[in-house]
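The structure appears below as structure tokens.
Computed from heavy atoms alone, side chains included, the values below leave out hydrogens, waters and symmetry copies. Counting starts at 1 for both ligands and their atoms, following the listed order.
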Amino acid sequence: MKLLHYFIAVSGSVLALAACTKERRSDLPYQYQSDALRLPEQTYNYANPTLPSHLANIKQAVSQRVTNEGATLGRVLFYDPKLSLTNNTACASCHLQAKGFADPVAFSKGFDGALTKRNASSIVNPIDNANFFWDARETDIKSMVLKPIENHIEMGMDNFAALEKKLGSLDYYRPLFKDAFGTEQVTEERIAEALSQFLNSIVTGNSKFDSSEPNGWGSNNTSVFTSKELVGMNLFLGKARCATCHTTTSNQFGFTEGFANIGLDMDPKDLGLGATQENMNGVFKIPSLRNVALSGPYMHDGRFKTLEEVVNHYSENIQPVANLHWGLQDGTGTGAPVKLNLSTDEKESLIAFLNTFTDNQFIQDDKFSNPFKQ
Ligand code: HEC
Ligand code: HEC
């Protein structure tokens with residue numbers, strides 16, 4: 001494909017900013033090598049994504065809310081460390097495409113080296129998501145996208161007038177803002193709109209599990225699944241109770257509106273929804289399990305490194321917390337946690353099934369990749 005190369009002359013104002021900036025982080029987990037921005041001559045197709053028919057509602061929502069030019073600008077913003085106070089941290093520093101847009105560490109490093117208080121979430125079909133963050137504190141994607149920019153640990157850029165000025169001084173943004181919004185003007189509102197269009201364009205639905213769908217969700221589709229995966233699926237839907245919360249009838253393998261305390265700690269350090277609501281200590285959002293094999297470590301604090309550790313928790317380690325979700329109680333009416341005591345074989349099968357939620361096409365899709373490359 002023919003590429004249009006924007007090579008950026010380093011302007012005086014950028015040099016001035018760089019002078020008061022710390023060294024660029026050498027451990028950035030993606031290749032931000034220079035200010036060379038490469039975009040295709042024709043925009044990628046964001047507005048009309050290819051998705052299987054059972055995700056038609058997502059496809060339709062994307063076409064209503066995303067333009068190719070808006071998402072193109074949003075992609076550049078998502079990967080641009082200049083959105084941070086110190087020019088060293090982009091959204092993509094903590095949300096890595098190869099990891100389902102999660103971060104492979106428990107806590108992520110922000111702009112000045114401090115660690116986030118929670119594990120960076122994976123990004124899964126946010127257009128179909130009613131709540132954002134582990135405590136579901138944001139419901140509107142457009143106001144959500146500005147939060148990491150101003151966050152004092154994440155990107156530290158809490159002066160949006162200064163951000164507008166900074167981005168406005170960078171040559172490569174002018175044509176991008178013009179294409180997306182008709183004029184070159186950089187505003188906070190346009191930054192939020194473009195970033196949310198890019199997020200809304202991030203759709204994933206081409207996993208092995210999706211390809212079994214023509215026979216119906218959860219059907220014993222032996223032409224798609226191995227026998228081990230099928231054993232895992234039946235555990236997931238039945239005995240192991242996973243689908244009580246991570247429902248397979250939603251598009252997400254998780255009620256996006258749902259919350260639960262899954263008995264991780266008797267005395268949770270992070271209160272989750274309990275920080276703002278009665279009797280909700282240790283209650284967190286039920287995350288989607290799409291691409292879960294890629295997005296470890298797991299849970300709101302990244303305490304489990306592997307899916308094996310996650311399954312061990314559900315199998316034998318659920319703590320008898322007072323507000324344990326009913327789906328994980330033993331059914332005797334005392335509120336005691338269930339002891340699934342899964343065998344090694346059952347655990348392996350369950351994990352084999354979780355692996356069928358991975359969309360390998362999605363993590364390699366150029367339109368979601370870093371546009372700053374050499
Ligand atoms: C320093 C690391 C870091 C940076 C930079 C960062 N994030 Fe995050 N992101 C996180 C963490 C940690 C969470 C979970 C926070 C929480 O739940 O309290 C998160 C959560 C999210 C979620 C919620 C997903 C869900 O389904 O609940 C989205 C979406 C998101 N970030 C988008 C962005 C965008 C857009 C940017 C850039 C403007 C960005 N992030 C920058 C670490 C980061
Ligand atoms: C009662 C509802 C409920 C049930 C039942 C349930 N989960 Fe969860 N699951 C959650 C919640 C809530 C979280 C997030 C908890 C946290 O971080 O504190 C979670 C987190 C996870 C995660 C980590 C995801 C991530 O991105 O970090 C995995 C993997 C997972 N569950 C798999 C399973 C499996 C496998 C089963 C069945 C054995 C299961 N869950 C049963 C509610 C549930």
Side-chain angles (χ1 to χ4, degrees), residues 74 77-81 83-84 89-95 100-103 107-111 114-126 129 131-138 141 144-151 153-157 191-192 195-196 198-199 202 232 235-236 239-246 252-256 258-265 268 270 272 282-293 295-304 306-307 309-311 313-315 318 324-329 338 340 342 347 350-351 353-354 357:
L77 293 166
F78 187 86
Y79 281 94
D80 196 342
L83 267 68
S84 67
T89 306
C91 306
S93 305
C94 304
H95 297 286
F101 288 103
D103 199 351
F107 301 108
S108 304
K109 226 187 252 179
F111 72 101
L115 295 180
T116 57
K117 297 207 166 65
R118 292 193 180 132
N119 180 241
S121 315
S122 56
I123 298 180
V124 181
N125 297 340
N129 221 335
N131 297 290
F132 299 96
F133 299 127
W134 283 104
D135 53 8
R137 65 187 178 279
E138 284 289 332
I141 195 163
M144 185 277 285
V145 293
L146 296 176
K147 298 295 186 299
I149 300 177
E150 62 186 338
N151 185 291
I153 293 173
E154 294 178 10
M155 298 165 89
M157 194 77 204
I191 295 169
L195 269 173
S196 43
F198 179 63
L199 285 189
I202 299 184
L235 285 164
F236 189 93
K239 179 179 159 187
R241 305 170 174 209
C242 314
T244 316
C245 294
H246 303 284
Q252 303 279 34
F253 306 109
F255 283 117
T256 46
F259 322 102
N261 186 326
I262 59 167
L264 291 170
D265 301 299
D270 184 339
V283 173
F284 288 90
K285 169 175 157 174
I286 301 168
S288 169
L289 298 186
R290 283 191 179 275
N291 298 316
V292 72
S295 69
Y298 302 105
M299 304 300 169
H300 65 274
D301 54 4
R303 69 178 60 198
F304 298 135
T306 60
L307 288 173
E309 287 175 41
V310 171
V311 170
H313 164 74
Y314 287 112
S315 175
I318 301 171
L324 184 66
H325 188 279
W326 58 266
L328 293 171
Q329 297 178 9
V338 66
L340 295 172
L342 301 173
K347 288 178 183 176
L350 200 46
I351 292 167
F353 179 61
L354 295 176
F357 301 170

Using heavy-atom distances only, which candidate in [options] approaches [atom] most closely?
atom                    : options                : answer
atom 22 (C) of ligand 2 : H300, R303, M299       : M299
atom 10 (C) of ligand 2 : F304, F284, Y314, F259 : Y314
atom 5 (C) of ligand 1  : A136, G110, A90        : A90

Answer with yes or no whether [X] contacts ligand 1, where contact means a heavy atom under 4.0 Å from a ligand atom.
X    : value
K285 : yes
S93  : no
K117 : no
E138 : no
R137 : yes

Where do C245 and H325 come nearest, in terms of heavy atoms and distance?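 Heavy atoms of C245 and H325 come nearest at SG-CE1, 3.9 Å.
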Considering the heavy atoms of [X], write down every atom of ligand 2 situated less than 4.0 Å from one of them.
X    : result
L307 : 29 (C)
V292 : 29 (C)
L289 : 28 (C), 29 (C), 30 (C), 32 (C)
R241 : 5 (C)
L328 : 1 (C), 5 (C)

For ligand 1 and [X], I'd like to know whether there is a polar contact (N/O to N/O, distance under 3.5 Å).
X    : value
N119 : no
R118 : yes
F132 : no

Hey, are the side chains of I123 and F78 touching, using non-hydrogen atoms and a 4.5 Å cut-off?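 A side-chain contact under 4.5 Å exists here.
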Within-4.5 Å side-chain heavy-atom neighbours: K117 and I153: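 Of all side-chain heavy-atom pairs linking I153 with K117, at least one is under 4.5 Å.
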Mode of L264 contact toward ligand 2 - side chain, backbone, both, neither (heavy atoms, under 4.0 Å):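 For L264, only side-chain atoms sit under 4.0 Å from ligand 2.
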Answer side chain, backbone, both or neither: which part of C242 comes under 4.0 Å from ligand 2, heavy atoms only.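 Both parts.
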Spacing of K347 atom NZ and L340 atom CG [to the nearest 0.5 Å]: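 If I round to the nearest 0.5 Å, the distance is 9.5 Å.
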Rounded to the nearest 0.5 Å, how far does CG of N119 lie from OG of S108?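 Going from the OG atom of S108 to the CG atom of N119 covers 7.0 Å.
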Just by modelled atom types, is the [Y] backbone N or O under 3.5 Å from a matching donor or acceptor in the [X] side chain?
X    : Y    : result
Q329 : L324 : yes
Y298 : E309 : no
S196 : I141 : no

Sort by chain and number the protein N/O/S atoms found under 2.8 Å from atom 8 (Fe) of ligand 1.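 Result, waters dropped: H95 NE2.
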Is there a nitrogen or oxygen of [X] sitting under 3.5 Å from a nitrogen or oxygen of ligand 2?
X    : result
H246 : yes
G327 : no
H325 : no

Please list the nearest protein heavy atom to [atom] with its residue and the distance rounded to 0.1 Å.
atom                    : answer
atom 15 (C) of ligand 1 : F133 CD2, 3.7 Å
atom 3 (C) of ligand 2  : C245 SG, 2.8 Å
atom 29 (C) of ligand 1 : M144 CE, 3.2 Å

Please say which of H300, R118, K285 ends up in a side chain to side chain donor-acceptor pair (under 3.5 Å) with D135.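 It is R118; the other options fail the test.
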